[in-house]
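Step one of this worksheet: look at the structure below.
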Amino acid sequence: MLKISFFMLFIIAIFFYKNLSLQREFLAKGNLYLQGKDYISAIDCYERVIAAYTPFSSDVKTAYGQMKSLCAYLSDNNEKLYCYSSLKAAINQIKWLYNPYYGDIDEINEKIAELKYRLFIRSKAGIDNEVIQNEFMKLTKFSREPDKFWSFLAPVSLIGWVGFIIAGIWYGKRYYILSLISFIVWVVSLYMA
Amino acid sequence: MIYIILALISFVYILFLVPTISTGDGAEFVVTSFTLGIPHPSGYPLYVQLLKLFSFIPLGNVAERMALFTVVFSIGSLLVLYLMVKIIYEEKKAAWFAVLYVAFIYSFLGQSVIIKFYTFNLFIIAVLLLLGVFTVLKGYDKKYVFLSAFLLGLSTANHHTGLFMVVPLFLLGLTYGRVFIKDFILSIPFFLMGFLVNIYMYIRSSNEKAFFFIPVKSLEAFWEVFLRKPYGTASSVETVKTGIFDFWTILYSIKNVIYLLDKNFTSAGFVLFILGAIYLYKKNKRLFLFIIVSFFMYSIFLAKLTLSNKELNISVLYVVGHQYFLPMFFLFALLSGLGIAVIYIFFRKKNLSFAYRIVPYIVLFFPLLFLFDRVLDQNFGKNYVSYSYNKTLLSVMPVGSFYVSVGDNRIFPSWYLKEVLGFRRDICNISEVYVKEHQFILWGCKPKSMYKLLFKEFYGGNLLRLAEEGRLFSSIHVKKIEKFTKFLDSKYFIFQYAWIPKDDEQIKGKLDVLYLQKQKYVNMPTVDCLMHNTDDYYSLNLCKFVSYNYALLLKIKEKTFFADTSLSDEKIEDIFTELIMKNNLGNSFYYVESNVEN
């Protein structure tokens, strides 16, 4: 068990190293594209830096800052929309139990909704502009993410249920009570998530 | 030493691991797992839930974390392989060889570095095999029977090929007589307990935020999904019903199995395999029966169901041969490992101490040679093609566009971008699953309440209005849908087609201007297509449209492409299709091919 635990830590360490090297690579590329005024490619590279997230990474923080500045700087509405949408995508990609950089999401959503409204070709059937704006805001804010606590508990209790049944088979019937409890927690978690 | 070997393998796998969504089904599993929804039939509820757990790892992005799941269970399967060889012949060095021999072959490594459930499926099968080996070598115990039944029940909540293990396990059990029959009946409740994981589909279908391929709101819907009925002849029941006793297809199945083994392991493996099989038979007939029947189920039997074509093409090889046969490769490596163990035991018995000490270490370098090829064909570590291609595809469409997509590599990544990342949710994306039958499914346009107002033209049955405004796009040429050809035409746009009103020159001109404006979004997919380091069939398929994009760009900008200004878009499509066919980049991309039907 100890060997397996160390081995899992080793896997995490390589995973960490891989993401660090992706960060460095794409941050350098992003800065080069930015210097060459290829803003779209710079945005893509910075997004990849963020997507290769490691906690407390200065490269991720730099990339995030660069992207935010670029989004504010761009004047073309299509490019601005692309930038803010990519920034939102980057933030959503790296969520875990904690949501890094999520404090900015409301502001980003507002900018995205406003840009979409401005760029939208209006139908000649005469829908109220305010209605269209509200529709875009609703769409932009909509999220399919389940509740974090319950969606974390569901697979954990599933593993517990499976583990306790195996323990029950192997070591004795006393584990079946625990498997029943895990099963109930699992079902409830799936409903609540 | 085994942990050093597994560490080396893990290191390679993680470096080669896809950094975001992979091509094929990968994006779909990320979306359905992230939202705790239901992917395509048979639903894979066990896989989906465990993937969700991996999404909470605080490193990388959500897709990459889910790809890590594949690596973990691949390594787990290799550990089980090691244990099996070691237990059968008590030769650790042969077990090292078996592990390395399979770890770096094309299909095993290829399936270990993407988002797919086959290595998890293999892990369950490997544990079932190990239980069978324990039964034979350590003595019959009803705990093994109950545990096997439970795991078989769990396997119904992953991939149904896990159930193939019923045959070898049952045959093995029968050799123990009446005691097994009694325990077999007592094990049924354990099977049902494992099967219970499938109620996930019913429970989650009541949640409106989750993403479903097909929601399961009734018992009828449950069986439809569980038995894969929407796939017709490829459903679980129909597949098994196909003529088991047809001579020629059995022959082709054997041929195709040999082809797969030869391509992955090289011909040298057959010698070791036969040696291992012969000596296993001599050592323990019961164990031999168990292993060989298992091998038969996952090789010839599985090929009979899924890979019994006379001629193999790249599409079938990639979808079937490259994915379904991991258990066969596992068992082949097991028997090859036993074959090499026999050679080591021979050295030991003949007191060839130098050979016994040195040869096992030299032989370990042989499987490492496979890595030279893997670096060039299965290194997904920089493969962003699926992500950047589909991100560009959505980005170049005007706000509030309507997009009809066909094919996994365009449907699933757009779901990931929209539903998980919240990217361009203003695009209403419907999928035409069966082009000839014109069945549209509104997966990427839900919840309906959010799209109804912005796309009232579509909900009012007026696609033409969307086309007139330049808001109607598709991954297929409109000539594939007969009923639309009366009033719509196609114009190639970036990585897709704009469907425009027939003979409308004004919109064509507007789209040409837009086409030039949007070229700045094409750089990253182009770079990714040049740098992806794989021979991934789907990546090459998507990248075809990148080069095609530049050809059309030249035509629009320079009007001198091929020094013939009279060349129509359709003619250029024909030229490119011919060029691509000659380069063997695929012959069945009907949902992406630009070749216009005459």
Side-chain angles (χ1 to χ4, degrees), chain A residues 3 7 10-12 14-16 18-19 22 38 40-41 44 48 51-55 78 81-82 85-86 88-89 92-98 116 119-121 123 125 127 131-132 135-136 138-140 142-146 151-152 154-156 158-159 162 165-166 169-170 187 190-191 193, chain B residues 3 6-7 10-11 14-15 17 19-20 34-36 49-50 52-53 55-63 68 71-72 143 146-147 150 154 190 193 197 200 203-204 207 209-211 384 388 395 398-400 417 419-426 450 453-454 456-457 469 471 520-521 523-524:
Chain A
K3 280 184 188 170
F7 193 77
F10 174 74
I11 286 183
I12 296 290
I14 312 169
F15 193 55
F16 184 91
K18 188 201 172 181
N19 280 294
L22 283 173
D38 182 350
I40 300 299
S41 300
D44 287 335
R48 290 182 191 187
Y53 171 80
T54 54
N78 278 299
L81 175 61
Y82 185 81
S85 299
S86 300
K88 178 178 175 175
N92 280 333
Q93 280 183 80
I94 60 173
K95 286 181 186 176
W96 47 290
L97 287 171
Y98 167 67
K116 283 182 181 174
L119 290 165
F120 182 54
I121 301 163
S123 164
I127 303 172
V131 169
I132 296 176
E135 290 302 303
F136 276 125
K138 267 194 280 181
L139 255 180
T140 306
F142 178 74
S143 170
R144 288 189 183 277
E145 189 182 0
S151 61
F152 178 76
V156 167
L158 173 65
I159 291 170
V162 169
I165 290 182
I166 293 172
I169 293 170
W170 211 256
V187 170
L190 288 179
Y191 267 116
Chain B
Y3 286 102
L6 290 175
S10 306
F11 183 75
I14 291 172
L15 284 189
L17 189 68
T20 176
F34 183 79
T35 62
L36 285 178
Q49 291 174 85
L50 296 179
K52 177 65 180 174
L53 197 58
S55 74
F56 292 109
I57 295 172
L59 293 171
N61 58 78
V62 66
L68 189 65
V71 172
V72 167
K143 289 179 190 172
F146 296 160
L147 200 48
F150 181 59
L154 280 181
F190 291 103
M193 275 193 256
V197 178
Y200 161 93
I203 297 170
R204 287 303 293 169
N207 188 301
K209 273 172 54 171
F211 192 92
Y384 288 92
S388 63
S395 302
V399 171
L417 282 155
E419 307 299 341
V420 177
L421 308 189
F423 185 86
R424 293 302 304 270
R425 210 175 244 129
D426 57 284
M450 294 210 170
L453 200 61
L454 294 171
K456 59 185 183 60
E457 300 90 343
E469 291 183 357
R471 287 165 58 203
K520 57 187 140 181
Y521 295 92
N523 182 49
M524 281 315 277

Name the region of A:Phe152, side chain, backbone, both or neither, that has any atom closer than 4.5 Å to a heavy atom of chain B. both
Looking at B:Leu417, B:Val72, B:Leu17, B:Ile57, which has the largest count of heavy-atom pairs under 4.5 Å with chain A? B:Leu17
Region of B:Ser10 that comes under 4.5 Å of a non-hydrogen atom in chain A: both
Which atoms of A:Ser143 come close to chain B, meaning under 4.5 Å heavy atom to heavy atom: side chain ones, backbone ones, both, or neither? backbone
Most heavy-atom pairs under 4.5 Å with chain A, out of B:Val197, B:Leu154, B:Leu15, belong to B:Val197
Heavy-atom pairs under 4.5 Å with chain A, option from B:Val71, B:Val62, B:Thr35 with the top count: B:Thr35
Contacting region of B:Ala210 [heavy-atom separation from chain A under 4.5 Å]: backbone
Chain A heavy atoms under 4.5 Å from B:Asn207: which part of the residue, side chain, backbone, both or neither? side chain
Counting only non-hydrogen atoms closer than 4.5 Å, does B:Tyr3 touch chain A with its backbone (N, CA, C, O), its side chain (CB onward), both, or neither? both
Against chain B, label A:Phe7 side chain, backbone, both or neither, depending on which of its atoms sit under 4.5 Å from a heavy atom there. side chain
Residues passing the side-chain contact (heavy atoms from CB on, under 4.5 Å) test with A:Asn78, sequence neighbours excluded, are A:Asp76, A:Leu119, B:Lys518, B:Tyr521
Using non-hydrogen atoms only, which part of A:Tyr98 is less than 4.5 Å away from chain B: side chain, backbone, both, or neither? neither
Residues in ring pair (Phe, Tyr, Trp, His ring centres under 6.0 Å) with B:Tyr200, at least two apart? none
Assert top hit (heavy-atom pairs under 4.5 Å, partner chain A, pool B:Ala7, B:Gly400, B:Ser388, B:Ala63) equals B:Ala7
Is A:Ala52 close to chain B through its backbone or its side chain, or both, or neither, when contacts mean heavy atoms under 4.5 Å? backbone
